[in-house]
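What follows is a set of notes on a single structure, which appears directly below.
Every heavy atom of this structure was used, including side-chain atoms; hydrogens, water molecules and symmetry mates were not.
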Amino acid sequence: MLLTVAGDGTAESQLLGGTVSFMSARNHAAPVHWAASLPEKGQAARRSPERISAATEEAFHLQFLAQSAVPDAQMTEVGEVVHLVDVVTGSAATFTPHGGGWQVRQGGPLKLWDRIETILSAYDTAGQPETFWLHAYDGGKHLRHPQMPGVPLPRP
């Protein structure tokens, strides 16, 4: 991607299309006691975690948006159970199949699945756009689409 720099020092470029992927750099060791922070009782998830884990082109793009919303989180599946763990804050979410849907339990300082559902809602409301831009300025970097709120990207 080649950023175009404006006279005010900001820079912008359209993200690469298709399913081009680059390995994200992050810690790989999950917090030791992440499961202890989860409540015993969960709540119904509005969306399935399969929305970001399926082997589809849409899920590929949604994984990118979800990772932008929770940049330090890792997702793993153990049998039918899906786990999200934020290796920096110790936040976690666990999904289990429940009555034809999914039940989510969340704990820690960040509600990981709530953040992901917020970005999925914005994506759906915007008509499931395929094109996004990276906007960089002295305040940071954001993913942008004209019909969605900007998604701040983490600083290195």
Side-chain angles (χ1 to χ4, degrees), residues 1 15-136 139-145 147-156:
M1 168 182 351
L15 295 181
L16 297 172
T19 55
V20 176
S21 179
F22 302 94
M23 184 173 136
S24 58
R26 62 176 182 242
N27 296 324
H28 291 284
V32 177
H33 300 293
W34 66 267
S37 69
L38 296 177
E40 282 190 37
K41 184 173 170 74
Q43 63 189 41
R46 291 182 299 162
R47 291 176 180 81
S48 164
E50 293 167 333
R51 183 92 190 269
I52 61 172
S53 67
T56 64
E57 189 170 332
E58 181 188 44
F60 176 87
H61 297 295
L62 292 177
Q63 287 170 16
F64 181 74
L65 290 175
Q67 190 71 64
S68 298
V70 289
D72 297 310
Q74 299 173 29
M75 184 171 75
T76 187
E77 297 178 39
V78 180
E80 291 186 321
V81 180
V82 178
H83 303 277
L84 283 171
V85 180
D86 183 316
V87 299
V88 174
T89 67
S91 301
T94 297
F95 300 87
T96 52
H98 183 74
W102 290 86
Q103 185 174 62
V104 60
R105 297 183 305 139
Q106 300 184 83
L110 303 177
K111 301 301 181 212
L112 301 176
W113 190 245
D114 289 353
R115 286 183 174 209
I116 291 172
E117 281 198 337
T118 297
I119 198 76
L120 293 178
S121 291
Y123 172 81
D124 289 341
T125 299
Q128 302 178 344
E130 296 179 9
T131 305
F132 288 86
W133 288 263
L134 172 67
H135 181 78
K141 299 174 292 209
H142 284 77
L143 288 179
R144 297 200 188 270
H145 183 274
Q147 298 170 323
M148 288 180 62
V151 179
L153 298 175
R155 290 178 170 252

Validation row: V70, I116 side chains within 4.5 angstrom (heavy atoms): yes
Side-chain heavy atoms of Q128 within contact of H61, under 4.5 Å: no
Which residues share a salt bridge (charged side-chain N to carboxylate O under 4.0 Å, His left out) with D124, sequence neighbours left out: R47, R51
Non-neighbouring partners of R46 that pass salt bridge (charged side-chain N to carboxylate O under 4.0 Å, His left out), sequence neighbours left out: E117
Output all residues satisfying side chain to side chain contact (heavy atoms under 4.5 Å, CB included) with [X], sequence neighbours left out; order by chain, then residue number.
| X | answer |
| --- | --- |
| T125 | none |
| E80 | P97 |
| S68 | F64, L143, V151, L153 |

Residues in side chain to side chain donor-acceptor pair (under 3.5 Å) contact with Q103, at least two apart in sequence or another chain: none
Residue list, side chain to side chain donor-acceptor pair (under 3.5 Å) with H135, at least two apart or on another chain: E12
OH-CD distance between Y123 and Q147, expressed to the nearest 0.5 angstrom: 12.0 Å
Distance, nearest 0.5 Å, that separates CD1 of I52 from CG of L84: 6.0 Å
Selection residues 87-108 - residue pairs positive for ring-ring contact (aromatic ring centres under 6.0 Å, His included), sequence neighbours left out: F95-W113
Worked verdict on F132 versus R144 for side chain to side chain contact (heavy atoms under 4.5 Å, CB included): CA-CA 6 Å; F132 288 86; R144 297 200 188 270; over 6 Å; no
